[in-house]
Amino acid sequence: MTTCSDVMTRDPVCAYPDDTVAHVARLMRSEDIGPVPIVQDDATKRLVGIVTDRDLAIKVVAEERNPTTTRVSDIMSTDVVTCRARDNIETALDAMSKNQLRRILVVDDGDALVGIIAQADVATRMNEPGKTGEVVREISE
């Protein structure tokens, strides 16, 4: 059985609710990523939300908010779909398909962020081309 832990990228870049959205945008640029998980603090890494590049466009740019004063907590999504590191990878893939997600965050039993699974992780680490194609098709529908 392949678990989420087997496929995930460990220790993803993250930010904090009190960070500015300008800081998150710079993280996205420097790390070449779209989503940034938001954790409560460095000690617990408890997942509290996520900010995507789309969030920045819609909730900051389109609303003409100041990115240097707008806090992550003001724009982050808090209804984050997750899976557990010990879950079977099929559980994560089903959640990604059902919610049309290109990525899913992985947490431990205390809701601490431990990883992220993206479509590319599925493609490169599962060695199941048929499953990869199915997931991509379902997410894109």
Side-chain angles (χ1 to χ4, degrees), residues 1-129 131-141:
M1 172 181 85
T2 302
T3 66
C4 292
S5 182
D6 297 328
V7 178
M8 72 184 186
T9 298
R10 297 178 186 286
D11 301 318
V13 171
C14 58
Y16 309 101
D18 286 338
D19 286 341
T20 65
V21 296
H23 171 73
V24 169
R26 287 190 297 273
L27 274 178
M28 289 175 177
R29 180 184 61 201
S30 67
E31 300 295 325
D32 193 27
I33 56 175
V36 175
I38 308 304
V39 297
Q40 180 177 343
D41 55 50
D42 217 22
T44 66
K45 293 277 191 191
R46 189 174 72 78
L47 183 67
V48 295
I50 191 168
V51 173
T52 66
D53 44 3
R54 186 174 192 278
D55 290 329
L56 294 181
I58 305 259
K59 297 175 182 177
V60 180
V61 176
E63 293 180 10
E64 299 180 4
R65 291 182 172 185
N66 183 338
T68 61
T69 59
T70 302
R71 299 285 168 208
V72 167
S73 58
D74 296 332
I75 67 148
M76 70 183 187
S77 299
T78 56
D79 56 340
V80 182
V81 177
T82 63
C83 60
R84 303 276 179 202
R86 70 179 176 326
D87 287 347
N88 184 311
I89 188 63
E90 294 297 325
T91 301
L93 298 178
D94 289 346
M96 290 171 75
S97 296
K98 178 182 174 192
N99 294 284
Q100 293 189 308
L101 300 172
R102 290 183 173 90
R103 69 203 61 82
I104 190 166
L105 298 176
V106 184
V107 295
D108 67 13
D109 290 334
D111 289 329
L113 179 68
V114 294
I116 187 168
I117 299 172
Q119 285 177 338
D121 297 322
V122 175
T124 60
R125 297 182 185 152
M126 280 194 60
N127 200 24
E128 293 183 37
K131 181 48 119 174
T132 301
E134 178 186 330
V135 169
V136 171
R137 186 176 53 260
E138 289 174 359
I139 290 169
S140 301
E141 288 179 349

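Here the structure is a predicted model, which is why all the values come from computation and not from measurement.
A donor atom on one side chain and an acceptor atom on the other are not found under 3.5 Å apart for Ser97 and Asp94. With hydrogens and angles left out, the side-chain atoms of Asp55 and Thr52 include a donor and acceptor closer than 3.5 Å. No hydrogens or angles considered: a donor-acceptor pair under 3.5 Å links the side chains of Thr44 and Asp41.
The distance from the CD1 atom of Ile117 to the CG atom of Leu101 is 11.5 Å, given to the nearest 0.5 Å. Separating the CG atom in Leu113 from the CD atom in Gln40 is a distance of 13.0 Å, to the nearest 0.5 Å. Atom-to-atom distance recorded for Asp53:CG and Leu56:CG is 7.0 Å, nearest 0.5 angstrom. Rounded to the nearest 0.5 angstrom, Cys4 SG and Glu90 CD are separated by 9.5 Å.
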When the side chains of residues 70-77 are checked against the rest of the protein, which donor-acceptor pairs come out under 3.5 Å, sequence neighbours left out?
from  : atom 1 : to    : atom 2 : distance (Å)
Thr70 : OG1    : Asn66 : O      : 2.7
Arg71 : NH1    : Asp18 : O      : 2.8
Asp74 : OD2    : Arg71 : N      : 3.4

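Counting all heavy atoms, side chain and backbone alike, Pro17 lies closest to Val48 at CG-CG2, 3.9 Å. Residues Met28 and Val51 come closest through the heavy atom pair CE-O, 3.6 Å. Scanning both residues, Ile58 and Glu63, for their nearest heavy atoms gives O-CG, 3.7 Å. Here the closest heavy-atom approach between residue Asp42 and residue Tyr16 is recorded as OD1-OH, 2.9 Å. Gln119 and Met96 get closest at one heavy-atom pair: N-CE, 4.3 Å. Taking each heavy atom of Ile116 and Pro12 in turn, the nearest pair found is CG2-CB, 3.9 Å.
Among Val106, Val107, Asp108, the one residue that satisfies the side chain to side chain contact (heavy atoms under 4.5 Å, CB included) test with Leu47 is Val107. Screening Arg84, Lys45, Arg46 against Asp111 for a salt bridge (charged side-chain N to carboxylate O under 4.0 Å, His left out) leaves a single residue, Arg84.
Thr20 is not listed as a side-chain neighbour of Thr69, based on a closest heavy-atom distance of 4.5 Å or more. Inter-residue side-chain proximity for Ile50 and Leu105 is flagged as met; some heavy-atom pair is nearer than 4.5 Å.
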Item to check | CA sep, side-chain torsions, deciding dist, call: Arg10, Val114, side-chain contact (heavy atoms from CB on, under 4.5 Å) | outcome: CA-CA 6 Å; Arg10 297 178 186 286; Val114 294; over 6 Å; no
Next on the checklist: What verdict does the side-chain hydrogen bond (donor to acceptor under 3.5 Å, both in side chains) test give for Asn88 and Thr91, after you've listed the backbone C-alpha separation in whole Å, the side-chain angles of each residue and the deciding distance to 0.1 Å?
Outcome noted: CA-CA 6 Å; Asn88 184 311; Thr91 301; 5.4 Å; no
Item to check | Asp6 vs Ile89, side-chain contact (heavy atoms from CB on, under 4.5 Å): CA-CA, chis, key distance, verdict | outcome: CA-CA 8 Å; Asp6 297 328; Ile89 188 63; over 6 Å; no
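The backbone N or O of Cys83 lies less than 3.5 Å from no partner atom in the side chain of Asp87, so there is not a single donor-acceptor pair.
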